Amino acid sequence: MKYPTVLLALSGAASAVNLFVSSYAGNVTSLSLTETSGNYTLAPTFYNAACGPNPSWLTIDANRGLLFCQNEGLTSLNGSLSSFTINQDGSLNAIKNQTVISGPVHGTIYGNPAGRRAIALAHYTGSAVTTWYLNGGGQFSASQSFPFTLSAPGTVPDRQDAPHEHETILDPTGQYIVVPDLGADLVRIFSINPTTLILTEKTSLKAPAGSGPRHGVFYNPSGIPGGTTYFHLATELTSAILSYSVTYQPSSGGLNFTLLSQTPTLGLLNHERINAPAGVVVSPDNRFLIVSNRNSTLFSLPNATGGSPIPSDSLTTFALQPNGALVFTQIWPSGGLYPRQFSLSPSGGFVAVGNQLSGNVAILKRDVASGLIGEPIARVPIAGNVTCVVWDQEGQLSG
Ligand SMILES: *[C@@H]1O[C@H](CO)[C@@H](O)[C@H](O)[C@H]1NC(C)=O
Ligand SMILES: *[C@@H]1O[C@H](CO)[C@@H](O)[C@H](O)[C@H]1NC(C)=O
Ligand SMILES: *[C@@H]1O[C@H](CO)[C@@H](O)[C@H](O)[C@H]1NC(C)=O
Ligand SMILES: *[C@@H]1O[C@H](CO)[C@@H](O)[C@H](O)[C@H]1NC(C)=O
Ligand SMILES: *[C@@H]1O[C@H](CO)[C@@H](O)[C@H](O)[C@H]1NC(C)=O
Ligand SMILES: *[C@@H]1O[C@H](CO)[C@@H](O)[C@H](O)[C@H]1NC(C)=O
Ligand SMILES: *[C@@H]1O[C@H](CO)[C@@H](O)[C@H](O)[C@H]1NC(C)=O
Ligand SMILES: *[C@@H]1O[C@H](CO)[C@@H](O)[C@H](O)[C@H]1NC(C)=O
């Protein structure tokens with residue numbers, strides 16, 4: 001699927017890109033962000049309710065023009081996984097909806113880009129990882145299911161009463177999937193059979209007790225898969241990034257982690273309210289790590305109508321070092337409360353933030369060279385709790 005770039009060029013100065021937003025209220029909303037001579041407009045274009053009652057995560061399959069949506073199923077026994085074709089105008093056509101184990105909150109596509117592929121889902125409430133074969137056209141079928149239990153539940157805080165799988169992360173070589181488990185203080189490790197895409201569980205990384213691993217990201221300073229590799233893990237309950245060096249063990253033997261440092265996600269600032277970091281990404285140029293901070297509400301933004309100031313949570317940027325260290329660079333308002341998730345545009349020049357409790361998406365400008373995030377260029381209200389916002393990988397914004 002290609003954007004009509006010729007038409008955009010002919011129409012003059014305007015450039016446009018689509019984004020997709022999931023909300024617990026039920027819709028997946030398509031947004032159009034357009035730029036005309038340095039002015040930006042962000043507007044909803046389509047609504048699609050076919051994902052189910054509580055959309056929690058969106059996975060774009062850029063090569064095939066598909067969107068996968070997970071419905072957390074907050075008030076039912078089960079969640080669901082659904083697939084859509086992405087149309088040129090940003091609308092979505094539902095292909096398939098499949099009931100799955102309760103509480104899916106994240107999905108990652110793995111396998112051979114030109115061949116067999118699958119998607120791995122993390123089930124928070126259902127304490128499981130499941131995998132689904134993809135046929136390339138949006139159809140999918142069940143492959144594996146890994147249910148987890150805690151040996152000593154009930155002796156720990158309420159969010160650690162059971163295993164809570166929170167994210168599925170593909171390593172830079174494409175040979176492993178790692179899954180932070182907030183309830184069990186583990187990162188579960190799976191090797192991938194490159195032919196069958198069958199996962200085999202390996203020895204888990206044990207995170208510190210009570211830390212609550214939520215999301216993580218690999219960092220490969222050379223950009224060469226298999227070269228020196230680090231893993232930066234955001235721990236929700238202790239508000240830190242744990243930085244590990246990663247060693248590959250031979251013959252799909254697993255991954256070995258050595259803890260290098262623990263960095264508070266609020267950087268150099270003190271805070272009073274309990275902070276709960278959520279998303280963590282590495283910038284497209286492989287130079288910066290960005291993490292979102294929820295609940296600490298460090299900022300107060302001016303209200304354009306002259307009314308009461310707008311409270312805001314934050315994004316922290318760190319400069320990634322070749323030795324695995326993180327150097328604090330900036331803390332900056334996310335444009336609303338509870339930035340559960342955020343995505344960088346393909347160029348790294350914009351950050352789209354899903355502020356869950358403000359019910360908005362904010363688009364922030366970002367200077368790629370310095371890594372500094374800047375003023376919001378646009379903000380749009382979205383009904384309900386915003387859970388995820390992703391950029392359609394096609395289309396470009398100038399500026
Ligand atoms: C979802 O979108 C439809 C329009 O297709 C609208 O009628 C409905 O109110 C929306 N729901 C929410 C929660 O925004
Ligand atoms: C962009 O916005 C500025 C300031 O509001 C305005 O003066 C200018 O005319 C706008 N340009 C276009 C092309 O709309
Ligand atoms: C998809 O499946 C889920 C779970 O079974 C269900 O709640 C939802 O309504 C379904 N969506 C549609 C559009 O049928
Ligand atoms: C729905 O949820 C129940 C209870 O967690 C589970 O036993 C069942 O396998 C789920 N159904 C599907 C299709 O995953
Ligand atoms: C894994 O790393 C630890 C240090 O973090 C080391 O003690 C251990 O020997 C390593 N295990 C393997 C199998 O390499
Ligand atoms: C948010 O902060 C308040 C006050 O510190 C605390 O009571 C609450 O548990 C925090 N919520 C989360 C999700 O961390
Ligand atoms: C801005 O102020 C107005 C008037 O006080 C208020 O209604 C509105 O909610 C404020 N905007 C935000 C985003 O809080
Ligand atoms: C959505 O957000 C509101 C606060 O804005 C909160 O009270 C409510 O519980 C949330 N609903 C869900 C389903 O998360």
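One-based numbering, in listed order, for ligands and for the atoms of each. Please read all numbers here as calculations on a predicted model, not as lab measurements.
Any N or O atom pair closer than 3.5 Å counts here, and Gln98 shares no such pair with ligand 4. Not one N or O of Gln356 is nearer than 3.5 Å to an N or O of ligand 8, by distance alone.
With His166 as the fixed residue, the ring-ring contact (aromatic ring centres under 6.0 Å, His included) test singles out one of His215, His106, His123: His215.
Note: the hydrophobic cluster containing Phe46 does not contain Val380 (ILVMFWY, side chain heavy atoms under 4.5 Å, direct or indirect links). Both Leu42 and Tyr40 are members of a single hydrophobic cluster when ILVMFWY side chains are connected at heavy-atom separations under 4.5 Å.
Taking a distance limit of 4.0 Å, we find that atom 14 (O) of ligand 4 is approached by some protein heavy atom. Closer than 4.0 Å to atom 7 (O) of ligand 7 lies none of the heavy atoms of the protein.
A cation-pi arrangement, defined by a distance under 6.0 Å to the six-membered ring centre and an angle within 45 degrees of its axis, is absent between Lys202 and Tyr176.
In this pair, Tyr230 and Tyr219 present their aromatic rings parallel. The plane angle is below 30°, not in the 30 to 60° band.
For the atom pair Leu81 CG and Thr99 OG1, the distance stands at 10.5 Å (nearest 0.5 Å).
When non-hydrogen atoms are compared, ligand 8 lies under 4.0 Å from neither the backbone nor the side chain of Asn54.
Looking from atom 11 (N) of ligand 7 to the surrounding protein, the closest heavy atom is Asn303 ND2, 3.1 Å. What sits closest to atom 3 (C) of ligand 4 on the protein, heavy atoms only, is Asn78 ND2, 3.7 Å. Counting only heavy atoms of the protein, atom 4 (C) of ligand 7 lies nearest to Gly307 CA, 3.7 Å. Among all protein heavy atoms, the one lying closest to atom 12 (C) of ligand 7 is Ile310 CG1, 3.6 Å. With respect to atom 1 (C) of ligand 8, the closest heavy atom belonging to the protein is Asn385 ND2, 1.8 Å.
Looking only at side-chain heavy atoms (C-beta outward), Val105 and Trp57 stay at 4.5 Å or farther from each other.
For ligand 8 and Tyr24, the ligand atoms under 4.0 Å from any heavy atom of the residue are 12 (C), 13 (C), 14 (O). Each of the following atoms of ligand 4 lies closer than 4.0 Å to a heavy atom of Leu77: 2 (O).
Phe84 and Phe20 have their aromatic ring centers separated by at least 6.0 angstrom.
Scanning Thr75, Leu74, Leu357 for the heavy atom closest to atom 5 (O) of ligand 8 points to Leu357.
Counted by atom type alone, Asn220 and Thr229 present one or more donor-acceptor pairs between their side chains at under 3.5 Å.
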